[in-house]
Amino acid sequence: MFERLVLFSLCCCRLVGVFGDSDAVKSVSVTEGDSVTLNPDLTDKQSDNLIMWNFKTNGPLIAKLNQATNDISIIDDGPDNRFRDRLKLDHQTGSLTIMNITTQHAGVYQVTISSKTKIIHRFNVAVYARLPVPVIISDSSQNSSSYCSLLCSVVNVGHVTLSWYKGNSLLSSISVSDFNNSLSLRVECLDGSYSCVVNNPISNQTQYINSTGLCRSCSECAFCCHASEAVARLAVSVVVGVATVAIVVYDITSRKGVNERRRDLLMQYKMSVHDNSM
């Protein structure tokens, strides 16, 4: 019984050695337009390895290398012709290079190395769009509370974060996970040097700015922001003053007319009394 158990264990070990499959998936990140090299890190330096690269797990074959015959086959079209003129296979290391990569080439790549043993490795390639430089403008909106502010914007981005910094201090940030989005972020009443940063997990773009000339200082801003309110109060005061003067003038004119009518009536009464007495 013990001998059978030992024999069974040896057979299992043998099978694992023949059909080794690495469960770990190596993550690789790259910027769109760059090149990325996927290296299988051959541990078995055999000269007769058969190396096959597939796009997606057990997906279509895109490249094959027979080290015994030094024969390299590149499947130019691949799925949807997306790999045409983009693949290069190293005959010594078996590494696969994807040139001028785009988001169409993101996904899992599987390499199968067959010789005395069979080993499978997988790479999960994430492709990020190239980041634009943020654009900063002075934003004077109709809302007086945001009269003195700077607006930072980026367009056609995805999976990024847009942030305002003063020195190393984060002031505010906003993120988006979808593609082809536009982001804008405002900072109120700036005074000094600031930076607006757009970043994804592998790269960033930064725009630096000194708010002098684009936005008034906070003390000036407070005056500007309340200027319209002061003008409004002054206008109201003028209107009230004019109305008050008009009322007073009307009252004086009315009283003068009443007194004159009273005086005329009194004169007429005296004249009638005088006539009757005669």
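Here, residue 1 is the first one in the sequence, and each next residue gets the next number. Here the structure is a predicted model, which means the values were calculated and not measured.
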Could you pull out the closest heavy-atom pair between S173 and S163, with the gap in Å? CB-OG, 3.3 Å
Please confirm whether the backbone N or O of I74 pairs with a side-chain atom of W53, one donor and one acceptor, at under 3.5 Å? no
Name the orientation class of the two ring planes belonging to Y194 and W164 (parallel below 30°, tilted from 30 to 60°, perpendicular beyond 60°). perpendicular
Beyond-backbone contact of I101 with R86, side-chain heavy atoms, under 4.5 angstrom: no
Does H105 use its side chain to pair, donor to acceptor, with the backbone of R82 at less than 3.5 Å? yes
Minimum heavy-atom separation for C152 to L162, with atom names? O-CD2, 3.6 Å
Begin from the C-alpha positions of R130 and D34 and carry the test salt bridge (charged side-chain N to carboxylate O under 4.0 Å, His left out) through to its verdict. CA-CA 9 Å; R130 194 169 297 277; D34 291 346; 2.9 Å; yes
My understanding is that only one of V154, T161, V160 makes a side-chain contact (heavy atoms from CB on, under 4.5 Å) with V176; could you say which? V160
Non-hydrogen atoms of L89 and A63 that approach each other most closely: CD2-CB, 4.1 Å
Looking only at heavy atoms, the pair that brings S172 and R186 closest together is OG-O, 4.4 Å
Supply the atom-to-atom distance S153 OG to L151 CG, rounded to the nearest 0.5 angstrom. 4.0 Å
Within the 3.5 Å criterion, strictly below it, is a donor on N54 or T57 matched to an acceptor on the partner's side chain? no
Nearest heavy-atom approach of T31 to S203 is OG1-OG, 4.4 Å
Which heavy atom in N39 sits nearest to a heavy atom in D41, and how many Å separate them? OD1-N, 3.0 Å
For a side-chain contact (heavy atoms from CB on, under 4.5 Å) check, start with the C-alpha distance between E32 and T103, then their side-chain angles and the critical distance, and finish with the verdict. CA-CA 7 Å; E32 190 172 16; T103 53; 4.2 Å; yes
